[in-house]
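Owing to the predicted nature of the structure, the values given are computational and were not obtained by experimental measurement.
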Amino acid sequence: MNFALILFVLVVVSGIAWVADRVYFAPQRKVAGIDRMPLWLEYTAGFFPVICAVFVLRSFIVEPFKIPSGSMIPTLQIGDFILVNKFTYGIRLPVINQKVVDLGSPKRGDVIVFRYPRDESVDYIKRVVALPGDVITYEDKRLIINGQPLQYSGGEPYLDPENMRYAKRYTETFPADLGGNRHDILNDPDRPATVFPTERFPGAEFCQYQPAGLTCKVPAGHYFAMGDNRDNSADSRYWGFVPDKNIVGKAFFVWLNLGNLGRIGSFE
């Protein structure tokens with residue numbers, strides 16, 4: 001279900017009713033001495049200001065999402081309700097998602113929501129690990145960006161609540177000249193580092209797969225995104241690059257988790 005399209009239709013329908021009421025129906029009621037709107041106008045024109053405000057807020061400022069899977073554990077948990085900044089990377093037209101004002105672009109380490117390239121009716125959330133033009137190597141469950149290895153520390157046991165398996169929790173740090181972002185990831189030592197693409201994807205010619213991982217050069221206008229739960233995430237390693245046109249916004253805040261109110265707050 002395309003909620004943005006449904007909301008847009010509601011804005012148009014209620015807006016037409018609101019204008020019609022101001023221009024025609026309200027003066028007619030005044031002449032007739034009738035104070036109250038007819039029921040059909042109450043449920044169309046009467047709701048226009050609220051629907052319009054929600055549409056503008058959701059389309060251009062901030063949009064709520066719910067985390068449906070454990071691919072971003074430990075950063076985000078199943079059941080987290082998050083907020084996504086819609087203008088960090090530019091202003092896009094609602095429904096068609098066409099950028100009309102460029103205000104920036106994703107940085108390495110940003111957590112983004114985007115339309116899944118293989119089914120744009122589905123929203124995904126992953127972390128950007130490589131930008132257009134970057135050469136990324138994922139080898140033995142470690143990342144190397146443009147020849148610079150990321151730093152890893154920690155390795156404490158962590159129970160993945162989605163599949164009830166223990167993994168190891170590491171802090172992954174980009175080199176300073178690559179942004180310096182720090183965030184936690186999970187690696188399951190019992191799972192192999194081998195990556196097999198599920199099927200050929202646009203830009204597959206930019207990738208080479210090896211027994212211990214892969215190496216890709218990110219094409220222009222695209223990003224390489226991965227889940228923080230590295231052995232339990234369907235991401236760019238398997239289905240390819242994220243086109244810039246598919247990006248919805250930057251995730252930045254957990255505003256509710258019904259099972260754990262302590263989850264509320266910002267995240268990196």
Side-chain angles (χ1 to χ4, degrees), residues 3 58 61-89 105-131 136 138 141-143 150 152-174 179-188 191 223-239 241-242 246-268:
F3 184 72
R58 187 183 184 278
I61 301 175
V62 68
E63 183 174 357
F65 286 88
K66 182 181 178 181
I67 302 300
S69 73
S71 70
M72 286 298 293
I73 294 173
T75 306
L76 295 170
Q77 304 285 337
I78 298 173
D80 281 349
F81 290 85
I82 65 169
L83 295 178
V84 175
N85 186 317
K86 297 296 291 286
F87 60 84
T88 297
Y89 306 135
S105 56
K107 299 177 177 59
R108 299 179 191 90
D110 284 359
V111 178
I112 63 169
V113 170
F114 56 92
R115 296 178 179 178
Y116 180 41
R118 292 186 177 176
D119 181 358
E120 295 190 358
S121 67
V122 178
D123 292 317
Y124 267 34
I125 182 167
K126 304 292 178 187
R127 187 180 299 277
V128 173
V129 295
L131 308 181
I136 175 173
Y138 178 72
K141 302 190 179 183
R142 296 291 185 266
L143 285 174
L150 275 61
Y152 294 85
S153 59
E156 300 82 6
Y158 182 96
L159 180 62
D160 183 342
E162 183 178 34
N163 53 27
M164 298 305 293
R165 291 172 60 95
Y166 275 97
K168 290 189 176 182
R169 180 172 183 163
Y170 295 93
T171 297
E172 183 178 72
T173 305
F174 284 85
N181 180 279
R182 293 167 55 91
H183 52 269
D184 287 351
I185 65 165
L186 294 186
N187 272 329
D188 186 340
R191 295 190 181 184
Y223 298 86
F224 198 97
M226 296 175 67
D228 289 347
N229 194 350
R230 293 289 162 81
D231 295 304
N232 190 25
S233 172
D235 50 41
S236 289
R237 292 171 291 177
Y238 302 97
W239 45 253
F241 307 102
V242 179
N246 285 40
I247 295 175
V248 174
K250 179 181 179 181
F252 70 98
F253 193 83
V254 177
W255 62 273
L256 181 65
N257 185 308
L258 294 174
N260 183 2
L261 296 180
R263 295 280 307 152
I264 296 174
S266 58
F267 58 87
E268 293 293 336

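Listed for the Lys86 side chain is a donor-acceptor partner under 3.5 Å among the backbone atoms of Arg58. Side-chain N or O atoms of Ser71 include none that pairs as donor or acceptor with a backbone N or O of Ser233 at under 3.5 Å.
A distance of 8.5 Å separates OG1 in Thr75 from CG in Leu186, rounded to the nearest 0.5 Å. Distance check, rounded to the nearest 0.5 Å: CG of Asp184 to CZ of Phe267 gives 13.5 Å. Atom CD1 of Ile82 is separated from atom CZ of Phe252 by 9.5 Å, given to the nearest 0.5 angstrom. We find the CG-CZ distance between Asp123 and Arg115 to be 7.5 Å, quoted to the nearest 0.5 Å. Between atom NZ of residue Lys168 and atom CG of residue Asp231 there is a gap of 12.0 Å, rounded to the nearest 0.5 Å. Distance check, rounded to the nearest 0.5 Å: CG of Asn232 to OG of Ser69 gives 7.5 Å.
With respect to Asn229, the side-chain hydrogen bond (donor to acceptor under 3.5 Å, both in side chains) criterion is satisfied by exactly one of Asp160, Asn187, Asn163: Asp160.
Between Glu63 and Val248 the shortest side-chain heavy-atom distance falls below 4.5 Å. Proximity of Ile264 to Phe253: side-chain heavy atoms (C-beta onward) are separated by under 4.5 Å at one or more points. Counting only heavy atoms from C-beta outward, the side chains of Leu159 and Met164 approach each other to under 4.5 Å.
Side chain to side chain, Asp110 and Tyr89 meet the donor-acceptor criterion of an N or O pair below 3.5 Å.
Within 6.0 Å of CZ on Arg118 lie more than 12 heavy atoms contributed by other residues, nucleotides or ligands. Surrounding OH of Tyr238 are more than 12 heavy atoms belonging to other residues, nucleotides or ligands, all under 6.0 Å away.
The existence of a salt bridge linking Arg127 and Asp235 is excluded, since no basic side-chain nitrogen approaches an acidic carboxylate oxygen closer than 4.0 Å. Residues Glu172 and Arg230 are paired through a salt bridge, judged by an N-O separation under 4.0 Å between the basic side chain and the carboxylate.
Under the 30°/60° scheme for interplanar angles, the aromatic rings of Tyr152 and Tyr170 are found to stand perpendicular. The aromatic rings of Phe114 and Trp239 are tilted relative to each other, their planes meeting at an angle between 30° and 60°.
The nearest pair of heavy atoms linking Ile78 to Pro68 is CG2-O, 4.2 Å. For the pair Thr171 and Arg182, the tightest heavy-atom approach, listed with the atom from each and the gap, is CG2-NH2, 3.8 Å. Contact record, Pro161 with Gln77: CG-OE1, 3.8 Å, taken as the closest heavy-atom pair. Taking each heavy atom of Ala251 and Ile125 in turn, the nearest pair found is CB-CD1, 3.9 Å. Nearest heavy-atom pair across Val129 and Phe174 is O-CE2, 3.6 Å. In plain terms, the two heavy atoms of Pro106 and Val128 that are nearest each other are CB-CG2, 4.1 Å.
Judged as a salt bridge (charged side-chain N to carboxylate O under 4.0 Å, His left out), and not counting sequence neighbours, the contacts of Asp188 are Arg165, Arg191. Among residues two or more places apart in sequence or in another chain, the side chain to side chain contact (heavy atoms under 4.5 Å, CB included) test is passed with Pro64 by Leu83, Trp255.
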Side chain to side chain contact (heavy atoms under 4.5 Å, CB included), that's the test. Do Met72 and Ile67 meet it? Break it down for me.
CA-CA 9 Å; Met72 286 298 293; Ile67 302 300; 5.6 Å; no
So Tyr223 and Phe241, side chain to side chain contact (heavy atoms under 4.5 Å, CB included) or not? Walk me through it.
CA-CA 6 Å; Tyr223 298 86; Phe241 307 102; over 6 Å; no
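Residue pairs that meet the side chain to side chain donor-acceptor pair (under 3.5 Å) test with at least one member in residues 258-268, sequence neighbours left out, are Asp80-Arg263.
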